[in-house]
Amino acid sequence: MTHDELNLEQRRAVESDSQNILIIAGPGTGKTHTLTCRIAFQLQTLDPDKKILAITFTNKAAEDMNSRLKARLGKIDGKVFVGTFHQWCLSLLRQYGRGGEIRVAAPEDVLKTARGLWPGMTKGDLRKCLEKVSYWKSVDFKSDPPREAAVLSQALRAGSFYDFDDLLLEARRLLLENSSVLADVRKHYVQVYVDEYQDINPIQHELLKLSIGDTGRITAIGDPDQAIYAFRGSDARFFECFEDDFFPVEKIHLRENYRSAHDLISASGQMIASARDVNVPPQVARIYQEGLLSVHRSATDKAEAEFVVHTIEQLVGGTSMFSQDSGRVESHGEGAFSFGDFAVLYRLKNQARELKKAFERSGIPFSVAGEDSSGEDFDDDLLAQRKIEQDVLGERVALMTLHASKGLEFECVFVCGCEETLLPLGLEGIASDPQEERRLLYVGMTRAKSRLYLVSAKRRMLYGKTFENAPSPFLADIEEGLKKYSQQQYLKKTKKRDDDQIQLF
DNA sequence: AAGTTTCTGATTTTT
DNA sequence: TCAGAAACTT
């Protein structure tokens, strides 16, 4: 929702005078819009000497909120601090700390320091050690630190370095040990806003409790169905116990979905329902067009990648590059979609390999999240030229992990590897939480505005082993009427045998 | 230092 | 399987 209207629930969330508010905002419900409107609205009646603190999880989210606020208010001039926990804590330490220099150590710096401290350790052991320290700093910080934590902190501090976890930990210490700082923070930041509340970890929770106290006000917004970061210490239980933590609380549920076609909303809603421990009323669709939920089963991971590529080619239709090649200008769905409308999502980064190969063969411009596409060398001049042309247009198919897709939306989404051992992840020696895996699929499904392809491969190679996988059990929780099985599936059923040889096109 | 071979171990990731 | 680290050679 980009226009300035608010639906009833959003308006309630924006205008409520309750001391504390928990906004449950599912996918596509205008979360950022609502939060921004509320901050702007509350700013109008804010005492001149008071301030608002708005916490986001990523720099990108902070920038987004900042620019929205600027666009709305013209200027913010110090009335609102918008930033991540880390930015906020850094500013606290610089403003109220003991005055020494504070240099932020990037993870590479920390690794370098650790290598110097424990030269005998292998890379893997070092990584485990740093993970242990980080876990203590963000989750177990109330118990005694592991010996390595103290050693590492001392070494970092010798160069005035603080790692990311240290910023929060030291800010907590500052608030606990210096009552005038705490009083000052509480006096100024009378309203606190927290985005993605289902993703906070114990140290962040502690910081919020401390700085809000009994008199401050907090508005938290989030969606427990999209809690996918437990592995790094996030704890969605803070969402559940919000009412105990910040009494009294008004709960507001945003139910209207402005992103996805109504049938896609039904499908994702059915799929996620069994991961919940409470009954949640279904979302209400505000997009009334029909969507498409296509379920496709490929023979192999390679065939899966080809299916994705061919489907995109069909949907993009006779754009110049393809019409030149095939001599055909007319084709089904021509002009309906452009490359930027597509996302290809997967559970594991190494699933990108086959996909990348297929995209490279096709000449379709694509990007892989976290990889820079700039310095590639092409063995095909034509291919290179095409890519450069497409880059100018800025239209690329986006390949990324399910995790990385959170917060984004696309007209068409492919979720690859919808099969056992990947969703839920069940590789040997890996203990994954099936509920969290289900939420991960939910995040992926709810990225789609109009077309969603749930793709699986019967046979795939992972870490040198070949797996024969049944489709993901999560798909069974979507009613049959909503799923359209693609033609290949039909062919396979009737013609039988030899899946690899199926002629797709 | 640079180039070779052998080994290892391998989700998901922001700050 | 295969990329990157460790171990080894020149």
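Every value quoted in this text rests on a predicted model; they were computed, and no experiment measured them. Only heavy atoms go into these numbers, but all of them, side chains included; no hydrogens, no water, no symmetry mates. Numbered from 1 within each chain, the chains take letters A, B, ... in sequence-line order.
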Measure from the side-chain heavy atoms of [X] and tell me the nearest of [options].
X        : options                : value
A:Tyr229 : B:dT13, B:dT14, C:dT1  : B:dT13
A:Phe231 : B:dT12, B:dT15, C:dC2  : B:dT12
A:Asn59  : C:dT1, B:dA10, B:dT15  : B:dT15
A:Lys123 : C:dA6, B:dT13, B:dT14  : C:dA6
A:Arg127 : B:dT14, B:dA10, B:dT15 : B:dA10

Side-chain donor-acceptor pair present, A:His205, A:Asp245, cut-off under 3.5 Å: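 Yes, side-chain donor-acceptor contact under 3.5 Å.
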Please give, in whole Å, the distance from [N] [atom2] to [X] [atom1]?
X        : N      : atom1 : atom2 : answer
A:Asp433 : B:dT11 : CG    : C1'   : 13 Å
A:Leu207 : B:dT15 : CG    : C1'   : 14 Å
A:Tyr346 : B:dA10 : OH    : P     : 20 Å
A:Leu126 : C:dG4  : CG    : C1'   : 15 Å
A:Glu428 : B:dG9  : CD    : C1'   : 13 Å
A:Asp125 : C:dA5  : CG    : C1'   : 13 Å
A:Lys128 : B:dT11 : NZ    : P     : 12 Å

Using a heavy-atom cut-off of 4.0 Å across all strands, would you classify [X] as base, sugar-phosphate, or nothing?
X        : result
A:Asn350 : nothing
A:Leu348 : sugar-phosphate
A:Ala431 : base
A:Lys465 : nothing
A:Glu131 : nothing
A:Phe57  : sugar-phosphate

Between B:dT11 and C:dG4, how far apart are the P atoms? Round to whole Å, please.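 Pairwise P distance, C:dG4 against B:dT11, rounds to 13 Å.
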Between B:dT13 and C:dC2, how far is it from one C1' atom to the other, in whole Å?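 These two C1' atoms come out 23 Å apart once rounded.
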With a cut-off of 6.0 Å (strictly less than), are more than 12 heavy atoms of other residues, nucleotides or ligands near [atom1] of [X]?
X        : atom1 : answer
A:Lys209 : NZ    : yes
A:Tyr96  : OH    : yes
A:Lys483 : NZ    : yes

Is a donor-acceptor pair below 3.5 Å formed from side chain A:Arg347 to base B:dT12, judging by atom type as modelled?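 It does, because a donor-acceptor pair links the side chain of A:Arg347 to the base of B:dT12 below 3.5 Å.
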Stacked cation flag [X] on [Y], 6.0 angstrom / 45 deg:
X        : Y        : value
A:Arg447 : A:Phe410 : no
A:Arg38  : A:Tyr193 : no
A:Lys302 : A:Phe307 : no

Derivation and outcome, side chain to side chain donor-acceptor pair (under 3.5 Å), residues A:Thr421 and A:Asn469: CA-CA 7 Å; A:Thr421 83; A:Asn469 292 327; 3.1 Å; yes
Parallel, tilted or perpendicular: which one describes the rings of A:Tyr453 and A:Phe414, with boundaries at 30° and 60°?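 Rings of A:Tyr453 and A:Phe414: parallel, under 30°.
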Would you please classify the geometry between the A:Tyr229 ring and the A:His403 ring as parallel, tilted or perpendicular, with 30° and 60° separating the classes?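 Answer is tilted, since the angle falls between 30° and 60°.
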Show each protein N/O and nucleotides 6-8 of chain B N/O combination with a separation under 3.5 Å, one pair to a line.
none

Determine the sole option in A:Tyr197, A:Phe81, A:Phe85 for which the side-chain contact (heavy atoms from CB on, under 4.5 Å) test with A:Ile55 is passed.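 Only one option passes, and that is A:Phe85.
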N/O (side chain, A:Tyr463) to phosphate O (OP1/OP2, C:dA3) under 4.0 Å: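 A:Tyr463 to C:dA3 OP1/OP2: no side-chain N or O under 4.0 Å.
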Does A:Thr122 place a side-chain N or O at less than 4.0 Å from the phosphate oxygens OP1/OP2 of C:dA6?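 No.
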Do any of residues 82-96 of chain A sit with a heavy atom less than 4.0 Å from DNA chain B, and if so which?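 Under 4.0 Å from DNA chain B: A:Thr84, A:His86.
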Does B:dT12 sit syn or anti, given that only angles within 90° of 0 count as syn?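 This nucleotide is in anti.
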